[in-house]
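Written below as structure tokens is the structure these notes are about.
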Amino acid sequence: METNRESTNLRELVYIRRRPIVGRIARAISSRTVTSKSATRQNSTNNVPQDSKSCDFVCYSDSEDEEDTEKSIDISCSFVQCNLNRQLGLNRKFQRMEMSSEYATRHMLSNSMMKEYEVTVGNMNKVFSSQWLSHKQVIFGTKCNKLMVLDVTTKKIDHIPSLESREAARSLNGNFRPPNGERGVNSIEMNPSKTLLTTGASNSNDVAVYRLPTLDPVCVGGRGHQDWIFDQTWIDDQFFVSGSRDGSISLWRITDQLLEEASASDLPKHRYMEPLLTKACKQADKVRALCYNHRTQEIAVISPNSYIHCWNALTMKQLMSKKLPHTLENCCLSADEDCQMYAVGSKSHTDLLDSRSLQSVRKIPSRNAGCGIRSVSFKGNILTIGTGTGLIMFWDLRASKFLESTINSNRVAQLKAGRGWVKRDDLFLGRDPESKYMPAIYTHSYDSSGTRLFAAGGPLQNSQMGNYVGLFQ
């Protein structure tokens, strides 16, 4: 219990458990502790009033609080000392050092240190998904089926060719009919070892797998879904699951043999594969988003008809379905680092759910009514919320309130996206250059250090063409 309490209290801090190189740690007892103990013992043995004078010096050989006193002394919460110990190499074996994952993020957001650098990507339609490949490269996908890599240092953008499925290759013979309308690349996910990346293929019904860090094509998975694939999640380094608008989920496997065949060719050439199984999600009209819970080995799925579903990842059997607290536009899902909580974004709220029972823990209202929550992610004790009005907000999970700014009193820390590019027409914006348009933040992701935030999106209306790509650092 004491260990859990300590980790909870120090979760937001940088701290070092200090050990002396020579000798032992000098123990000390605060004057408040000595005074209270001396007064207590005198009152219990000699019946001396509490307001009487205490001794100048009292030493206790067997103190019941000796262990707690030692803990409070040999732990340092100084970031300066943490950095110094890391430079000296003491953090590896000698002195255990820990730092919460969102330490740098919290400091930069509270002090308004993150500035926007907007990136021009041309006349491309809406960015739906993104992932950091390294500390200086971000990969993102658009609605017009473009897969691109951004170098955040040089702002150079490279296009990654989309992979065609076997059915798409036979479309000229009339044996294949593509899905209605363009949907594009809805998800980009990396396996735990960061050696493989899965995303959408040229046909929005299929999955495409690339090798990292070279982004060489590995394979295309087809015949799993009859409609657009909305989301994907990895279970381990070989297995991943995809969810589609047809209301089904499919299990896929990247075998060692498949990787060897893809790498044996002198020229980049991908293989074809089919899912191990495909199952319909009960009580779901569509599968909008999903994520894997590594602690319980379960897959959480949300559907637009306001349900959250739980699947056993080992047996691929559906365990339960539960109605979500809010019914409108449940479109994004994320799990925290310990997989104890899910965050679900809807039109007006972000709901926090207990991952064990799917019960609602807290309902976080949107600060702007009707703006819509379009993307959510956890970074330690910070929940990042991307809205439909260009605002990125930050919820402090420990304090149960929006993260406050230390620069501007009585204000919360938030980031505001630029306007990006939007196709102006009479139907949407008219000819008014001062129209109050703000892009929706469909995707956002932090780099490994938490000091850079990539955010992207576009117009909230489906019929409107436009995009926004920004880097906050």
Side-chain angles (χ1 to χ4, degrees), residues 1 3-5 7-8 11-12 100-102 187 189-192 230-237 239-243 249 251 279 281-284 286-327 329-346 349-365 373-386 393-401 443-446:
M1 294 296 293
T3 304
N4 294 336
R5 187 184 308 168
S7 61
T8 302
R11 187 176 178 183
E12 293 183 1
S100 61
S101 60
E102 85 281 5
S187 65
E189 297 293 334
M190 291 188 292
N191 65 346
F230 274 143
D231 202 2
Q232 303 170 60
T233 184
W234 285 88
I235 297 177
D236 56 22
D237 283 337
F239 294 89
F240 69 93
V241 177
S242 60
I249 63 174
L251 178 66
K279 288 190 174 183
C281 189
K282 302 174 184 177
Q283 299 293 330
K286 306 171 186 177
V287 174
R288 189 62 184 84
L290 48 85
C291 66
Y292 175 63
N293 188 326
H294 61 83
R295 293 190 62 179
T296 60
Q297 295 182 325
E298 294 174 350
I299 303 170
V301 180
I302 62 169
S303 53
N305 60 340
S306 67
Y307 272 94
I308 182 169
H309 317 272
C310 185
W311 286 72
N312 188 318
L314 300 179
T315 62
M316 287 303 293
K317 293 183 178 179
Q318 191 169 353
L319 301 177
M320 68 176 79
S321 298
K322 183 176 176 57
K323 199 77 173 177
L324 288 169
H326 296 90
T327 59
E329 300 181 16
N330 294 283
C331 61
C332 51
L333 170 69
S334 181
D336 67 345
E337 294 178 354
D338 297 329
C339 288
Q340 297 179 345
M341 190 182 303
Y342 298 131
V344 180
S346 63
H349 289 76
T350 303
D351 298 308
L352 299 181
L353 309 177
D354 190 330
S355 63
R356 298 165 298 180
S357 61
L358 303 184
Q359 295 289 336
S360 178
V361 176
R362 180 170 293 276
K363 302 174 183 178
I364 305 173
I373 308 301
R374 297 298 162 181
S375 57
V376 290
S377 69
F378 287 94
K379 186 66 175 176
N381 279 325
I382 297 178
L383 173 65
T384 305
I385 303 171
M393 302 180 296
F394 307 92
W395 179 264
D396 191 332
L397 295 172
R398 187 173 181 181
S400 295
K401 62 181 181 180
T443 178
H444 65 265
S445 55
Y446 290 94

Return yes if some donor-acceptor pair links the side-chain N/O of S355 with the main-chain N/O of Q340 below 3.5 Å, else return no.
yes
The salt bridge (charged side-chain N to carboxylate O under 4.0 Å, His left out) partners of D354 (sequence neighbours excluded) come to R356
Euclidean distance, Y446 OH relative to I382 CD1, rounded to 0.5 Å:
6.0 Å
Please report the shortest heavy-atom distance between L314 and N312, naming the atom on each side.
N-OD1, 2.8 Å
Rounded to the nearest 0.5 Å, the CE atom of M190 sits from the CG atom of D237 at a distance of 12.0 Å
Kindly indicate whether the side chain of L397, heavy atoms from C-beta on, has any atom under 4.5 Å from the side chain of D336.
no
Give the C-alpha distance, both sets of side-chain angles, the deciding distance and a yes or no for side chain to side chain contact (heavy atoms under 4.5 Å, CB included) between W311 and V301.
CA-CA 8 Å; W311 286 72; V301 180; 4.1 Å; yes
Distance, nearest 0.5 Å, that separates NZ of K323 from OG of S360
15.0 Å
Kindly determine whether T327 and N305 satisfy side chain to side chain contact (heavy atoms under 4.5 Å, CB included), including the steps that lead there.
CA-CA 7 Å; T327 59; N305 60 340; over 6 Å; no
H349 vs H326 aromatic rings, parallel, tilted or perpendicular, using cut-offs 30° and 60°?
parallel
Just so I know, are the side chains of K286 and P304 near enough to count as touching, which here means a heavy-atom distance under 4.5 Å?
yes
Any chance you could measure L358, atom CG, to L324, atom CG, to the nearest 0.5 Å?
9.0 Å
Checking S242 against Q232: is there a side-chain donor and acceptor pair closer than 3.5 Å?
no
For L290 against V241, the heavy-atom pair lying closest together
CD1-O, 4.0 Å
In sequence, state the C-alpha distance, the side-chain angles, and the governing distance for I364 and L383, and then conclude on side chain to side chain contact (heavy atoms under 4.5 Å, CB included).
CA-CA 11 Å; I364 305 173; L383 173 65; 3.9 Å; yes
Do P325 and L353 come within less than 4.5 Å of each other through their side chains, counting heavy atoms only?
yes
Contact check, side chains of I302 and V287, non-hydrogen atoms, under 4.5 Å:
no
Side-chain donor-acceptor contact under 3.5 Å, H444 with T384
no
I need the D396 CG to R398 CZ distance, nearest 0.5 Å.
8.5 Å
Run the side chain to side chain contact (heavy atoms under 4.5 Å, CB included) test on I373 and S346 for me, step by step, so that the C-alpha distance in whole Å, both residues' side-chain angles and the decisive distance to 0.1 Å come before the verdict.
CA-CA 5 Å; I373 308 301; S346 63; 5.7 Å; no
Looking at side-chain heavy atoms only, is the closest gap between F230 and S187 below 4.5 Å?
no
Taking side-chain contact (heavy atoms from CB on, under 4.5 Å) as the test, write out the residues that go with C291, two or more places apart.
A300, L333, A335, Y342
Heavy-atom closest pair (Y292 atom, C339 atom, distance to 0.1 Å) is O-SG, 4.2 Å
Is any side-chain heavy atom of E102 closer than 4.5 Å to one of F378?
no
Would you please name every residue forming a side-chain contact (heavy atoms from CB on, under 4.5 Å) with S321, sequence neighbours left out?
Q283, Y307, H309, Q318
Of the non-hydrogen atoms in D351 and K363, which two are nearest, and what is the gap between them?
OD1-CG, 3.5 Å
Electrostatic pair R374-E329, nearest N-O below 4.0 angstrom
yes
Restricting to non-hydrogen atoms, name the atom on G243 and the atom on I249 that form the minimum distance, rounded to 0.1 Å.
CA-CG2, 4.2 Å
Please report the shortest heavy-atom distance between S377 and S334, naming the atom on each side.
CA-OG, 3.7 Å
Residues in salt bridge (charged side-chain N to carboxylate O under 4.0 Å, His left out) contact with K279, at least two apart in sequence or another chain:
none
Listed partners of K282 passing side chain to side chain donor-acceptor pair (under 3.5 Å), at least two apart:
none
Are the side chains of T350 and V376 in contact, using a 4.5 Å heavy-atom criterion?
yes
Taking atom OG1 of T233 and atom CD1 of I235, what is their separation to the nearest 0.5 Å?
7.5 Å
By salt bridge (charged side-chain N to carboxylate O under 4.0 Å, His left out) - contacts of E189 (at least two apart):
none
Do the non-hydrogen side-chain atoms of R295 and D338 ever get within less than 4.5 Å of each other?
yes
